[in-house]
Structures are given as structure tokens and as C-alpha cells.
A.B. asks: 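Structure in C-alpha cells, see below.
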Amino acid sequence: MDRAIHLPPTLGYAPRRLEEGEFSPDLVKQLNDTYGHLAGDAALRHIGQTLERSCPPSGFVGRYGGEEFLLVIEGSEGMAKVAENIVQMVRHTTFEFQGERIPMTVSIGAAIAGHEPSVVVFERADEALYEAKRNGRNQVKFA
């Protein structure tokens, strides 16, 4: 999951249906403050591996920021279902660090691309992510 994301050219004004999800683990700062940055890094790897396992064949996933991930699905795979499955998987998958079980959750903001530049879709997904965080975390919000 440490590879760079190179967005495909189909993301800009694509005639195909694209769905984008922006993922952020909840309360990473608290995790870092309580258990240290090694725990935070391990938690991000754990989330990244969960995303990779959940990514449909028509999509790609990668880490694009400090603690945020991006999932783009081409076609009609159904971001709503994929994203909700990821929320459930993260919530119910055990994350352990140095023998201690640490509960994890993730918030997701998603958007469906129309005939607009990819940066606009990204901004809508980003705002939906912040809405998910403001509304209690551990959930999916669509723009």
C-alpha cells in the first residue's frame, strides 16, 4: 500500500460511470497519543490491507495523504455497498498492537462522477467525509 496513486485519464470528464470514496480511519491522533506512532502506522497498514481486499476488480485503492485513502470504482460496482462493507469489516476485524486489542472504525465520504473534472468529484467526496466525521464517525456519507 506504499505505492503512489496515479489516477487514470478516464477520471477527467469520463463518459463512463465512476464512483469515488475517500476513507479515513477514525481517531488516529488518539491512537498515536495513547499507543505511539508505531501503533498508528500499523493501524493504517491494517486499514489499507482491508481496503485492498475489498476493492472490486474494476477499481483501485491507495493511500494519498497522511491518514487518508482513496478508492475509485469504474462502472456500476456499487460504492454504497462496497463502502458499507468496508465500514463493517474494519469495525469487526481485530486490530492488535503489541498484544493489545484496539478497536478501529473508519469514516467514508463518497461521490459519483458526472460530467465534471475529477477534482470536483474529489472535493465532493472530501466534504462528505467531513460530514461523516461530524455526524459521529464510523459511517458512509454520499455527496
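All values derive from a computational prediction rather than experimental measurement.
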A.B. asks: Can you tell me how far CZ of Arg91 sits from OG1 of Thr50, rounded to the nearest 0.5 angstrom?
C.D. replies: 13.5 Å

A.B. asks: Hey, are Arg124 and Glu116 close enough for a salt bridge, meaning a charged N less than 4.0 Å from a carboxylate O?
C.D. replies: yes

A.B. asks: Atom CD in Glu20, atom CD1 in Ile112: separation rounded to 0.5 Å?
C.D. replies: 11.5 Å

A.B. asks: Without swapping roles, check the side chain of Arg63 against the backbone of Gly66 for a donor-acceptor pair under 3.5 Å.
C.D. replies: yes

A.B. asks: Please report the interatomic distance CG(Leu71) to CD(Glu22), rounded to the nearest 0.5 Å.
C.D. replies: 11.5 Å

A.B. asks: Ala111 and Ala143: which non-hydrogen atoms are nearest, and at how many Å?
C.D. replies: CB-CB, 4.1 Å

A.B. asks: Under a single-linkage definition using a 4.5 Å side-chain heavy-atom cutoff for Ile, Leu, Val, Met, Phe, Trp and Tyr, are Val87 and Phe142 assigned to the same hydrophobic cluster?
C.D. replies: yes

A.B. asks: With rounding to the nearest 0.5 Å, note down the distance linking CG in Leu31 to CD in Glu67.
C.D. replies: 10.0 Å

A.B. asks: Indicate yes or no: does Lys29 engage Asp33 in a salt bridge with an N to O separation below 4.0 Å.
C.D. replies: yes

A.B. asks: Out of curiosity, Cys55 SG to Ile73 CD1, how far, rounded to the nearest 0.5 Å?
C.D. replies: 6.5 Å

A.B. asks: Is the shortest heavy-atom distance from the side chain of Ile47 to the side chain of Phe69 under 4.5 Å?
C.D. replies: yes

A.B. asks: Applying a strict under-4.5 Å side-chain criterion to I, L, V, M, F, W and Y, I'd like to know whether Leu129 and Phe122 cluster together.
C.D. replies: no

A.B. asks: Please determine whether the number of non-hydrogen atoms from other residues, nucleotides or ligands lying under 6.0 Å from atom CZ of Arg134 exceeds 12.
C.D. replies: yes

A.B. asks: Using side-chain heavy atoms (C-beta onward) and a distance below 4.5 Å, is Phe97 in contact with Leu38?
C.D. replies: yes

A.B. asks: How far apart are the C-alpha atoms of Val140 and Met79, what are their side-chain angles, what is the distance that settles it, and do they pass the side chain to side chain contact (heavy atoms under 4.5 Å, CB included) test?
C.D. replies: CA-CA 10 Å; Val140 180; Met79 179 63 77; over 6 Å; no

A.B. asks: Looking just at side-chain N and O atoms, do Tyr35 and Glu100 make a donor-acceptor pair shorter than 3.5 Å?
C.D. replies: yes

A.B. asks: Listed by chain and number, what are the side-chain contact (heavy atoms from CB on, under 4.5 Å) partners of Glu123, not counting sequence neighbours?
C.D. replies: Val119

A.B. asks: Thr105: what forms a side-chain contact (heavy atoms from CB on, under 4.5 Å) with it, not counting sequence neighbours?
C.D. replies: Asp26, Asn138

A.B. asks: Applying side-chain contact (heavy atoms from CB on, under 4.5 Å), name anything that partners Ala132, two or more places apart in sequence or on another chain.
C.D. replies: Ser107, Gln139, Lys141

A.B. asks: I'd like to know if Ile86 and Ile102 are part of one continuous hydrophobic network [Ile/Leu/Val/Met/Phe/Trp/Tyr, side-chain heavy atoms within less than 4.5 Å].
C.D. replies: yes

A.B. asks: Rounded at 0.5 Å granularity, tell me how far CD in Glu96 sits from NE2 in His46.
C.D. replies: 10.0 Å

